[in-house]
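Lettering follows sequence order; numbering is per chain, from 1. Only a predicted model underlies this, so the values are computations on that prediction, with no experimental measurement involved.
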Amino acid sequence: VVPVSIERAHGSSKSSQRRGRRHDPANDSLIARCLDGDESAWNRLIDRYERLVYAIPLREGLSRHDAAEVSQSTFESLVESLHRIRDPNRLGHWLMTVARRLTWAKKRSRSRELCSEDLLDQPAPDSAIDWERTTAIYEAILELSEPCRSLIIGLFFDPSEPSYSTIAETLGVNVGTVGPLRGRCLARLRKVLESEW
Amino acid sequence: VVNDGQGAADEPSDESVSAEGSHELPAVPPDVSERLRRVFGERRPVVEAQLVTDTSVEPVTTRTRSGGVAAWTMAYAAHGCDVILDIAPIGRNLRLTGQVLTVDQAEDTIVRVFDDDELVAASSTDDVGQFEVGLLAPRNYTVSATTKAIRFEMAVDLRPSAR
């Protein structure tokens, strides 16, 4: 059995027939019952919209864990907003808009976390805080031994942006070792930073 | 899935948003669905917080300036809770940050901003109760701060013309 949507259906004979056949209460009725504290009405709204809401963060590439958080926040927002909903027939759109906004916020938050995980990928500093952070990174680099110090400076701070092969030649190592060495040196740099911050 | 002309082409319209039985939408894991159902039982009593301070109506010497345009602070209070809103004009918009001070909880208070019936922004507080909402258009909003026990609501007029 595939139940049909009743949204935008109020007043139309076709949908009234559908509604009658399915005994599917309209959103305005469910919202009114929710406002009266009827939990079964809330569960009916969840039945109707949970998959729609859950799909939005997934479609935007968030993990299932984040999608669950976005879904929960969306329905928490609905609980807070039940008395404000002006057009119950558009509740689906309302939920989609909220879920989309919360998804974007989650993506921005995730993006910021990724940035902070790799300080060297930060854009040029333009504030006192960034300048302080960059200074700390420079000082930490100076504490690294060779070849890490030269490798990090060559990869991230040399304005000529030398290629891996150029860096390998400068360090006197095989070009194939630059990638693994980069990972090890960044790990050492992170240790130094963590011990100082 | 039908394009309703308002969202992206692959988004369902209100004609098809009833997710029941749809093969286009992913199944919601049972534990997630259960959490969503519990949301209703966890709704908090609402307390209206009152505006107690608005620096934009105080003498200009007590106000800070941001890029030549006045920034201002509004403080709301209710029993057991103070909410500080810092508003800084950025171009034609306003950047809203603030702090929720409650007697029992600083972290993870959910701050939501509603424009009429529409949720326009949401954020949560850090370990000292601070939050950042982001940019808002200058108009009237309802801001809510939801702790584990209670929800505070406040009517916030962010129109510079009103000051």
Side-chain angles (χ1 to χ4, degrees), chain A residues 1-9 24 34 37-43 45-56 58-59 64-65 67-69 71-87 89-98 100-102 105 108-109, chain B residues 1-2 4-8 10-46 110-124 132-134 142-146 151-153:
Chain A
V1 175
V2 181
V4 295
S5 167
I6 58 164
E7 297 220 346
R8 284 185 187 158
D24 207 355
C34 284
D38 182 349
E39 191 166 355
S40 67
W42 175 258
N43 288 335
L45 287 176
I46 296 293
D47 290 340
R48 189 171 290 171
Y49 292 113
E50 63 178 351
R51 296 178 69 179
L52 170 74
V53 169
Y54 186 66
I56 289 171
L58 286 182
R59 190 183 301 146
R64 290 184 178 276
H65 175 78
E69 284 192 356
S71 300
Q72 182 167 345
S73 297
T74 300
F75 282 103
E76 285 173 350
S77 299
L78 176 60
V79 156
E80 285 198 8
S81 307
L82 285 169
H83 61 292
R84 293 194 193 91
I85 299 294
R86 279 179 305 169
D87 186 356
N89 296 340
R90 305 267 299 166
L91 182 59
H93 266 286
W94 191 95
L95 286 165
M96 286 167 62
T97 302
V98 171
R100 205 179 291 125
R101 284 184 174 155
L102 293 171
R108 279 198 301 275
S109 158
Chain B
V1 176
V2 178
D4 62 1
Q6 295 187 32
D10 61 343
E11 287 178 343
S13 72
D14 261 5
E15 295 290 342
S16 63
V17 291
S18 184
E20 300 157 310
S22 167
H23 298 291
E24 306 279 350
L25 299 172
V28 179
D31 61 319
V32 176
S33 184
E34 185 56 36
R35 273 167 60 189
L36 301 182
R37 286 160 211 280
R38 282 205 304 269
V39 164
F40 189 72
E42 293 166 354
R43 63 197 189 284
R44 282 76 159 175
V46 184
I110 308 297
V111 178
R112 296 187 176 93
V113 182
F114 295 93
D115 176 5
D116 199 359
D117 76 336
E118 188 181 357
L119 178 79
V120 293
S123 182
S124 60
E132 180 171 352
V133 164
T142 300
V143 176
S144 70
T146 305
R151 172 157 56 99
F152 300 96
E153 279 202 359

Peer 1: Report the distance from atom CD of Glu76(A) to atom CD1 of Ile110(B), rounding to the nearest 0.5 Å.
Peer 2: 6.5 Å
Peer 1: Which bit of Phe40(B) comes within less than 4.5 Å of chain A, counting heavy atoms only: side chain, backbone, both or neither?
Peer 2: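 Contact with chain A involves both backbone and side-chain atoms of Phe40(B).
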Peer 1: Non-hydrogen atoms of chain A under 4.5 Å away: do they reach the side chain of Thr142(B), the backbone, both or neither?
Peer 2: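 The answer is the side chain of Thr142(B).
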Peer 1: Kindly compute the distance separating CZ (Arg86(A)) from CG (Asp117(B)), expressed to the nearest 0.5 Å.
Peer 2: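 Spacing of CZ (Arg86(A)) from CG (Asp117(B)) equals 4.5 Å.
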Peer 1: Pick from Glu42(B), Arg151(B), Arg43(B), Arg44(B): which one has the most heavy-atom pairs with chain A under 4.5 Å?
Peer 2: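 The option with the most such pairs is Arg151(B).
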Peer 1: Do Thr97(A) and Glu118(B) get their side chains close enough for a donor-acceptor pair, meaning under 3.5 Å?
Peer 2: no
Peer 1: Strictly by salt bridge (charged side-chain N to carboxylate O under 4.0 Å, His left out), give each pair with a member in residues 26-35 of chain B just once, sequence neighbours left out.
Peer 2: none
Peer 1: Is there a donor-acceptor pair under 3.5 Å between the side chain of Arg101(A) and the backbone N or O of Leu119(B)?
Peer 2: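 Confirmed, Arg101(A) side chain pairs with Leu119(B) backbone.
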Peer 1: Would you call Trp42(A) and Val39(B) a side-chain contact if the rule is heavy atoms closer than 4.5 Å?
Peer 2: yes
Peer 1: Taking the side chain as every heavy atom from C-beta outward, state whether Ser33(B) and Tyr54(A) have any pair of such atoms under 4.5 Å apart.
Peer 2: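 SC-SC contact between Ser33(B) and Tyr54(A) ruled out.
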Peer 1: Just so I understand: if I count every heavy-atom pair under 4.5 Å between each of Gly134(B), Pro29(B), Ala121(B) and chain A, which residue has the most?
Peer 2: Pro29(B)
Peer 1: I'd like to check the side-chain hydrogen bond (donor to acceptor under 3.5 Å, both in side chains) partners of Ser73(A); sequence neighbours left out, ordered by chain and number.
Peer 2: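 Listed in chain order: nothing, the list is empty.
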Peer 1: What is the minimum heavy-atom distance between Glu153(B) and Arg84(A), and which atoms define it?
Peer 2: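 Residues Glu153(B) and Arg84(A), closest heavy atoms: OE2-NH2, 2.7 Å.
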Peer 1: What heavy-atom pair brings Pro26(B) and Arg51(A) nearest, and what distance separates the two atoms?
Peer 2: O-NE, 3.3 Å
Peer 1: Heavy-atom cut-off 4.5 Å, strictly under: side chain, backbone, both or neither for Val120(B) against chain A?
Peer 2: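 Both parts, heavy atoms under 4.5 Å.
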Peer 1: Please report the shortest heavy-atom distance between Ala122(B) and Leu102(A), naming the atom on each side.
Peer 2: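 Ala122(B) and Leu102(A) have their closest heavy atoms at CB-CD2, 3.8 Å.
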